[in-house]
Amino acid sequence: MTDTVSEPILGIDLGTTNSLVAIAGGTGPRVLAPEGENPILPSVVRFERDPTGRKAVVGEDARDRAHEFPHTTVSSAKRLMGRSVEDCAADLPYLGYAVVGGEHNTARIALPLDGPQAPPEIISPQEVSASILAELRARAERALGRAV
């Protein structure tokens, strides 16, 4: 039996404001980031429509350009998880995107991806978090040079 791990085990901090991914090695935990990239990933996602469907832009670009795309850039999504629109009422004036009631009276995000006259696409805060987690995984894979 060997004490080496064939598959890396990652630790993820999915934060309301920032997120990161780390790995534990022989010298202890190490935050992963591809060379030249900030190890801290802003927990901000801008949604866009492209020819293949909905696309998520995650991190610094989404945060830095939020003023250009306020209605399709989502931050602080964790604050909405499991809460009703009424529970989130105090937070809503500080969000650039629309929050609507969804299944089981939980808060959902309404994205006007096809313009202000078209029906919005409704997504859950968990879908926003899934986009952040996918980016963290991709960052870890680039940093480690292998699939995780």
Side-chain angles (χ1 to χ4, degrees), residues 1-88 90-92 94-113 120-148:
M1 178 165 214
T2 178
D3 61 354
T4 60
V5 177
S6 61
E7 293 295 323
I9 299 172
L10 303 177
I12 294 172
D13 176 5
L14 179 63
T16 303
T17 306
N18 293 299
S19 298
L20 59 81
V21 61
I23 189 168
T27 59
R30 172 175 59 104
V31 176
L32 296 175
E35 190 164 331
E37 291 186 35
N38 187 342
I40 304 299
L41 179 72
S43 298
V44 181
V45 182
R46 181 178 70 247
F47 292 95
E48 302 175 340
R49 182 76 69 208
D50 74 5
T52 62
R54 187 177 71 207
K55 175 185 168 189
V57 177
V58 181
E60 290 179 6
D61 183 58
R63 180 199 60 204
D64 295 346
R65 297 184 64 199
H67 65 283
E68 295 176 55
F69 306 98
H71 304 299
T72 58
T73 301
V74 180
S75 60
S76 299
K78 278 182 57 176
R79 295 186 196 284
L80 304 176
M81 281 190 192
R83 299 173 69 194
S84 69
V85 175
E86 294 78 25
D87 290 340
C88 303
D91 295 325
L92 298 182
Y94 304 102
L95 305 177
Y97 51 90
V99 177
V100 297
E103 188 177 342
H104 305 294
N105 196 34
T106 55
R108 296 288 193 263
I109 298 151
L111 300 170
L113 296 179
E121 186 167 333
I122 308 298
I123 64 169
S124 70
Q126 291 83 348
E127 289 176 270
V128 176
S129 293
S131 296
I132 297 167
L133 291 170
E135 177 61 24
L136 289 171
R137 178 182 182 178
R139 289 169 64 101
E141 289 177 342
R142 289 193 311 272
L144 296 172
R146 63 179 292 183
V148 295

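The structure presented is a predicted model; accordingly, all values stated were derived computationally and were not measured.
Closest approach of Gly59 to Leu41, counting heavy atoms only: CA-CD1, 3.6 Å. Minimum heavy-atom separation, Pro39 to Ala33: CA-CB, 3.5 Å. The minimum heavy-atom distance between Ala62 and Val57, with the atom names listed, is CB-O, 3.3 Å. The shortest heavy-atom contact between Ile12 and Val21 is CG1-CG2, 4.0 Å. Taking each heavy atom of Ala56 and Ser131 in turn, the nearest pair found is CB-OG, 3.7 Å. Minimum interatomic distance between Pro34 and Ala143 (heavy atoms only, all atoms of both residues): N-CB, 3.9 Å.
Distance check, rounded to the nearest 0.5 Å: OG1 of Thr72 to CD1 of Ile109 gives 11.5 Å. Ser76 contributes atom OG, which lies 6.0 Å from atom OH of Tyr97 (distance to the nearest 0.5 angstrom). Going from atom CD1 of Ile123 over to atom CG of Leu111 covers 4.5 Å, rounded to the nearest 0.5 Å.
For Ser75, there are no side-chain hydrogen bond (donor to acceptor under 3.5 Å, both in side chains) partners at least two apart in sequence or on another chain. Listed by chain and number, the residues in a side chain to side chain contact (heavy atoms under 4.5 Å, CB included) with Arg65 are Arg46, Asp61, Glu68, Phe69 (sequence neighbours excluded). Applying the side-chain hydrogen bond (donor to acceptor under 3.5 Å, both in side chains) rule to Arg63 yields no partners; only residues at least two apart in sequence or on another chain are considered. In terms of the salt bridge (charged side-chain N to carboxylate O under 4.0 Å, His left out) criterion, residue partners of Arg83 (sequence neighbours excluded) are, by chain and number, Asp91. Glu141 is linked by a salt bridge (charged side-chain N to carboxylate O under 4.0 Å, His left out) to Arg137, counting only residues two or more places apart in sequence or in another chain.
With contacts defined as side-chain heavy-atom distances shorter than 4.5 Å, the pair Arg54/Glu48 does not qualify. Contact check for Pro125 versus Lys78: no side-chain heavy atoms found under the 4.5 Å cut-off. Annotation: side chain of Leu10 is in contact with side chain of Leu32 (closest heavy-atom distance under 4.5 Å). Using a 4.5 Å heavy-atom threshold, the side chains of Glu135 and Ser19 count as separate. Looking at Val85 and Leu92, their side chains come closer than 4.5 Å, going by heavy atoms from C-beta outward.
Applying the 6.0 Å contact sphere to NE2 of His67 captures more than 12 heavy atoms from other residues, nucleotides or ligands.
Residue pairs meeting the side-chain hydrogen bond (donor to acceptor under 3.5 Å, both in side chains) criterion with at least one partner in residues 26-35, sequence neighbours excluded, are absent.
Between Glu127 and Arg108 no salt bridge is recorded (no basic side-chain N to carboxylate O distance below 4.0 Å).
Side chain of Ser43 to backbone of Gly15: a donor-acceptor contact under 3.5 angstrom is found.
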